[in-house]
Amino acid sequence: MVLRVFCGTWNVNGKKPSVRLEPWLFPDGMDAQPPDIFIVGIQEVQALTAMTAVVTDPAKGKSWNEAIRKLLKPNYYMVCFRQLVGIALLICAHRDVQVDGLLEADAGTGFLNVVGNKGGVAARFDVNGVSISCVSSHLAAHEENIAKRNQNFQDILKRATFAEPIFVEDSGNPVRDIHILDHDVVFWLGDMNYRINLPAREVMQLIDQEDWSTLARYDQLKTEMNASRVAPGFEEGSLNFAPTYKYNSDTNSYRVDEEGGIKRIPSWTDRILWRSRLGVRLLAYRRHEVFSSDHRPVSALFDIPTQMGDRGMLDDRTNPLRGVPRRRSLREDLGDWFHGQRAFDDLSLLSNEHSTEYNTINFTSQTLVLPMLTYGKRVQANLVGTHTARNATVVSIDPKTIPSWCTVYINGRIPPTTIIPAQPIDMVVSALVTKRDGTAEKLTLQGEPLFADFVLIVEGAKSGPIRVRGTYQKSCFGISLENLLWYWGPLRYKPFPSSVPQVLPKEVWLLGNSLVGSAHPFPLHSDTRGDFSSVRDQIDKGEEVHPRDHVSAALCLLAFLKELPEPALTRGDAESFSEEEAKIGIQNAAATVLNAMPSSKRNLVVYISGLFHYLPKGTDHQAVLPALAAALLQDSEDATLVIKATNLLAATPLSILYPSMVRLRRERISRTPTSSLENMAEARPDLEDLGSRAYEGRNGYRFGSQLSP
């Protein structure tokens, strides 16, 4: 039995579906056996300018969805439609075909590596015993950005995961994900934006000669795939058609500039790739003469062999959603789920030579699942193994495969470790997520999974991977001020940046409001190692911190300042203030230093200074200010430096703090797009006015308004 699949991709350049789509979706020769499945990827369903480059407009995607479904009715039904800003994926199935196990995902790789003006939309499903995943993607533009396109591809593979929660033995944490590569067949289509590395004149000559094979030798994607720098294991049909970009809209001529030269070197930006372990057959790969966009649509037609078995299983392979054909431990199963995660990084990890049964070392499982990780809290888990050789063996781990957030011990020692015959083996993995190497920021903002594939090296034996998997609880800790300002919504949930930044992180507002609203003094003498995890959870969820939690709020604020990737106050700031003070006076010196700071840091320093002035009665102000200064400096050891920074905070002119607050708050409100508030309201409807609540200061100033951007 054969499953016929149509794949089509088109960058529609923000245009409406006003032209006939039949030449693309129903090309000549397809009527004899219509497809069982239609997989259609569309890019730029909305124009990528200003706000429309970062916020999804469902109405734009809906118009294309309806236009395509209208052509396919009544013989086809919609399996799914998903849109991420301008990227859309539509899947339809013939009415006689049953589709099961549908899951969807997406990953933005545009602005800040998270916004969906670039990225991918993915889906996975099962049909006739075959597991299929597919991606509609739009990668980085411009001829020179080859490495960035490669990275976009890799980021989509890593982050567009299909979550199917189960609970891991003894941990209670849902960590089971299905990845794009964990399927029998993978289709990747879209505007991949790879160009042709030839001068425009030579490209046009080869196009006139229809010398596609010569032209293809200079295609960037072909070059990168041949060098295994992108799309490992993927295939593509021959490029036996003219480049699909860049045309004058509604014409068949490539776009030229005012002087008559080619505006963009014509290129095959629109591509369809596949990866399979079933012997998929490509029947056709072609472009179509449908006008309206500056791209031409492309399609591919495939036949996939199927063989139905028990419960829809194909041969003896395991369907990722249907369980396993034999009884195995859950930890063994997890190894299969994550098997494809890093295939694109090192294909050797998927070799049959890699196994948990090495010549002399046997572990109970090839996958180690960590407990839930939170910022700054170390967790560990272990694997137990046996050593069956007659001689002592040296065991080590390739250091390149150990990420910065974990440390590995074998029998209590950092490898290499010598194992004597018959000695039990205890491998302990200790994990700690901090601001180091940007780990916390990547896990929270970019949605990267927490995983590692250790390559075990055993003397005189085969090597193989030990897979470490975990889940990180997203937090504002360890994220730079510059990045935090773009996220109005709670970071604990799926964070999405706004097009307009805050002037101060909302987490700081929430903590400051708790301290100012409390009737109790700033808890300076509390144990600085005290537990403030509940308050951190509240601000990560965007929740108000009650004034009764002022002790935890104070500890959380000090810890937050210390855990910024870069200190808000630098040694240079404190030294400059000290030098300027002798020349122009204390307040002028403070104003000069503050105005020279980046706005993100200046606003935080000004806010902390204002917070100090409005702490409740009974606060030991002479002791609190140095503590705040030390936290901003991230240095409590250099007493001279702390004193200089303390004087800077104390000298911050009230003219900077207050008279401009109302004006700047009005600017903030007028500039805040409705979409950013809507994004917050979708996650937490009670947070629509987050950051604008105010508290009365002792002199009648309203504390809690926004500061200058």
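We number each residue from 1, following the sequence as shown.
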(request) Using a 4.5 Å cut-off on heavy atoms from C-beta on, say whether the side chain of Leu189 contacts that of Val135. (result) no
(message) I'd like to know if the side chain of Asp36 reaches the main chain of His94, judged simply by a donor and an acceptor atom lying under 3.5 Å from each other, with no hydrogens or angles considered.
(response) no
(request) Verify, without hydrogens or angle tests, whether Gln83 (side chain) and Val85 (backbone) share a donor-acceptor contact under 3.5 angstrom. (result) yes
(request) In sequence, state the C-alpha distance, the side-chain angles, and the governing distance for Asp453 and Arg469, and then conclude on salt bridge (Lys or Arg N to Asp or Glu O under 4.0 Å). (result) CA-CA 9 Å; Asp453 289 337; Arg469 303 294 182 256; 2.9 Å; yes
(request) Look at the aromatic rings of Phe187 and Phe302 and report parallel, tilted or perpendicular, splitting at 30° and 60°. (result) tilted
(message) If I take atom CG from residue Leu71 and atom CD from residue Glu66, how far apart are they, to the nearest 0.5 angstrom?
(response) 12.5 Å
(message) For a quick test of reading the model, state the closest non-hydrogen atom pair linking Ile87 to Gly116 and the distance between them.
(response) CD1-O, 3.8 Å
(message) For the CD1 atom of Ile265 and the NZ atom of Lys246, what is their distance to the nearest 0.5 Å?
(response) 13.0 Å
(message) Quick test of your reading of the model: are Asp250 and Lys15 salt-bridged, counting only N-O distances below 4.0 Å?
(response) no
(message) What I want to check is whether the side chains of His138 and Asp191 have a donor and an acceptor closer together than 3.5 Å.
(response) yes
(request) In sequence, state the C-alpha distance, the side-chain angles, and the governing distance for Arg296 and Asp270, and then conclude on salt bridge (Lys or Arg N to Asp or Glu O under 4.0 Å). (result) CA-CA 8 Å; Arg296 290 291 178 270; Asp270 309 278; over 6 Å; no
(request) Starting from the C-alpha separation in whole Å, work towards a yes-or-no answer on side chain to side chain contact (heavy atoms under 4.5 Å, CB included) for Val230 and Met225. (result) CA-CA 5 Å; Val230 73; Met225 290 178 66; 4.0 Å; yes
(request) Would you give the length of the straight line joining atom OG1 of Thr109 to atom CD of Gln151, rounded to the nearest 0.5 angstrom? (result) 9.5 Å
(request) Please round to the nearest 0.5 Å and tell me the distance separating atom CD of Glu104 and atom CZ of Phe81. (result) 10.5 Å
(request) Identify whether the distance between the nearest side-chain nitrogen and carboxylate oxygen of Asp303 and Arg4 falls below 4.0 Å. (result) yes
(message) Main chain of Phe241, side chain of Trp268: is a donor-acceptor contact present, judged purely on distance under 3.5 Å?
(response) yes
(request) For residues Val99 and Ala93, report the shortest heavy-atom separation together with the two atoms involved. (result) CG2-CB, 3.8 Å
(request) Hey, could you give me the CD/CH2 distance between Glu289 and Trp24, rounded to the nearest 0.5 Å? (result) 14.0 Å
(request) Report the distance from atom CG of Leu89 to atom CD1 of Ile42, rounding to the nearest 0.5 Å. (result) 9.0 Å
(message) Is it the case that the side chains of Trp188 and Ser137 hold a donor-acceptor pair, with the cut-off being a distance below 3.5 Å and no angle test?
(response) yes
(message) Just so I know, are the side chains of Val19 and Phe291 near enough to count as touching, which here means a heavy-atom distance under 4.5 Å?
(response) no
(message) Show the nearest heavy-atom pair for residues Trp10 and Ser293, with the distance to one decimal.
(response) NE1-CB, 3.7 Å
(message) Please verify the inter-ring angle class for Tyr247 with Tyr254; under 30° counts as parallel, over 60° as perpendicular, anything in between as tilted.
(response) parallel
(request) Give a yes or no answer on whether the side chain of Ser267 reaches the backbone of Thr269 with a donor-acceptor pair at less than 3.5 Å. (result) no
(request) Ignoring hydrogens and angles, tell me if any N or O in the side chain of Asp184 forms a donor-acceptor pair with the backbone of Val130 under 3.5 Å. (result) no
(request) Apply ring-ring contact (aromatic ring centres under 6.0 Å, His included) to the pair Phe6 and Phe26, showing each step before the final yes or no. (result) CA-CA 10 Å; Phe6 172 94; Phe26 295 98; 7.8 Å; no
(request) Could you note down all residue pairs passing salt bridge (charged side-chain N to carboxylate O under 4.0 Å, His left out) where residues 208-219 supplies at least one of them, sequence neighbours left out? (result) Asp219-Arg271
(request) Grab the two heavy atoms, one from Cys92 and one from Arg69, that are nearest each other, plus how far apart they are. (result) SG-CG, 4.4 Å
(message) Under the criterion salt bridge (Lys or Arg N to Asp or Glu O under 4.0 Å), I'd like the reasoning laid out for Glu144 against Arg195: C-alpha separation, chi angles, the key distance, then a yes or no.
(response) CA-CA 9 Å; Glu144 67 277 8; Arg195 309 305 170 94; over 6 Å; no
(message) Check whether Gln46 reaches the backbone of Gly14 with its side chain - one donor and one acceptor, N or O, closer than 3.5 Å.
(response) no
